[in-house]
Amino acid sequence: MAATRTRRGATASRRYWLFKSEPAVYSIDDLARDRRTCWEGVRNYQARNLLRDDVAVGDGVLFYHSNADPLAVVGIARVCRAAYADHHAWDPSSPYFDPRSDPGAPTWLMVDVEFVERFAAPVTRAALAAEPALRDMLVLRRGARLSVQPVTADEWRAVLGLAGSRARW
DNA sequence: GCCAACGTTGGC
DNA sequence: GCCAACGTTGGC
């Protein structure tokens, strides 16, 4: 596995994540167009803690379309900026407005991600569920609502395999 | 549209 | 600190 310079230290191994997004809000096509975006709007403490403590520059991200047809991992992204204040919390016009977030000690954080690849064909939830190597994958668990989820290296490789991904990691 | 699972809020 | 009520997520 490749080593990468991260907040965890120069020799830390790269980690992998699954980020959910409703394509009606922000899709892999949007990221392919923008090339890079801030991942705003995480409003769950467990997900926030992952962003703050564990998500690092260089980490791999499976881009998952939720509330969609098809439900699928549709591509991959790479973390390109570590956690910083989600300023949308202070924007009254934002759907993510949360006035309880103190500018001096922000409650909510976000990272930036950059586009890596849109899969030639989405790896559907059904395809994930049919893959024995993914039997423990968090996103497949009933009631798994976490929008930022850890993915193991084996799961990462299995999903890229199902996708026929050409991305090198 | 339904509803199970989950997280948060707030009364006590 | 408990827990019932409520709101949201998100698959089906």
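Letters go in sequence order (proteins before strands), and every chain restarts at 1.
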- Query: Does A:Tyr96 have its ring centroid less than 6.0 Å away from the ring centroid of A:Trp90?
  - Reply: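 That pair fails the under 6.0 Å test.
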- Item | Cluster overlap A:Leu134 with A:Val151, hydrophobic side-chain contacts below 4.5 Å |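 The answer is yes; both residues are in one hydrophobic cluster.
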- Among the clusters formed by ILVMFWY side chains lying less than 4.5 Å apart, do A:Trp17 and A:Leu31 turn up in the same one?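 Linked within one cluster.
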Can you list, by residue number, the residues of [range] that have a non-hydrogen atom closer than 4.0 angstrom to DNA chain B?
range	value
residues 133-145 of chain A	A:Arg142, A:Gly143, A:Arg145
residues 19-31 of chain A	none
residues 90-110 of chain A	A:Arg100

- Message: Between A:Arg43 and A:Asp98, does any NZ, NE, NH1 or NH2 come within less than 4.0 Å of an OD or OE carboxylate oxygen?
- Response: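 A salt bridge is absent here (no side-chain N lies under 4.0 Å from a carboxylate O).
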- Looking at A:Arg15 and A:Asp54, does any basic side-chain N land under 4.0 Å from a carboxylate oxygen?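 Yes, this pair counts.
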- Go through the structure and list residues passing salt bridge (charged side-chain N to carboxylate O under 4.0 Å, His left out) with A:Arg81, not counting sequence neighbours.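 Counting only residues at least two positions away or on another chain, A:Arg81 forms no salt bridge (charged side-chain N to carboxylate O under 4.0 Å, His left out).
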- Message: Within this structure, what is the CD-CG distance for the pair A:Glu155 and A:Leu128, rounded to the nearest 0.5 Å?
- Response: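 That separation rounds to 10.0 Å.
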- Measure the CG-CD distance between A:Leu162 and A:Glu131 for me, rounded to the nearest 0.5 Å.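 Answer rounded to 0.5 Å: 5.0 Å.
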- Check: A:Leu138 and A:Leu18 side chains under 4.5 Å, non-hydrogen atoms: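 No. Closest side-chain heavy atoms not under 4.5 Å.
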- Could you list where the contact with chain A starts and ends along DNA chain B, reading 5' to 3', using a 4.0 Å heavy-atom cut-off?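 Going 5' to 3' along DNA chain B, contacts run B:dA4 to B:dT9.
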- Query: Got a sec: does the CZ of A:Arg135 have more than 12 other heavy atoms crowding it under 6.0 Å?
  - Reply: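 Count not over threshold, so no.
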- Task: State, without any angle test, whether A:Asp91 and A:Ser93 hold a side-chain donor-acceptor pair at a distance under 3.5 Å.
- Result: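 Checked: A:Asp91/A:Ser93 side chains pair up, N/O donor to acceptor below 3.5 Å.
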I'd like a table of donor-acceptor pairs (distance under 3.5 Å, sequence neighbours excluded) in which one partner is a side-chain atom from residues 61-71 of chain A, with atom names and distances.
unit_1	atom_1	unit_2	atom_2	d
A:Tyr64	OH	A:Arg125	NH1	3.1
A:His65	NE2	A:Ile28	N	3.2
A:Asn67	ND2	A:Glu22	OE2	3.0

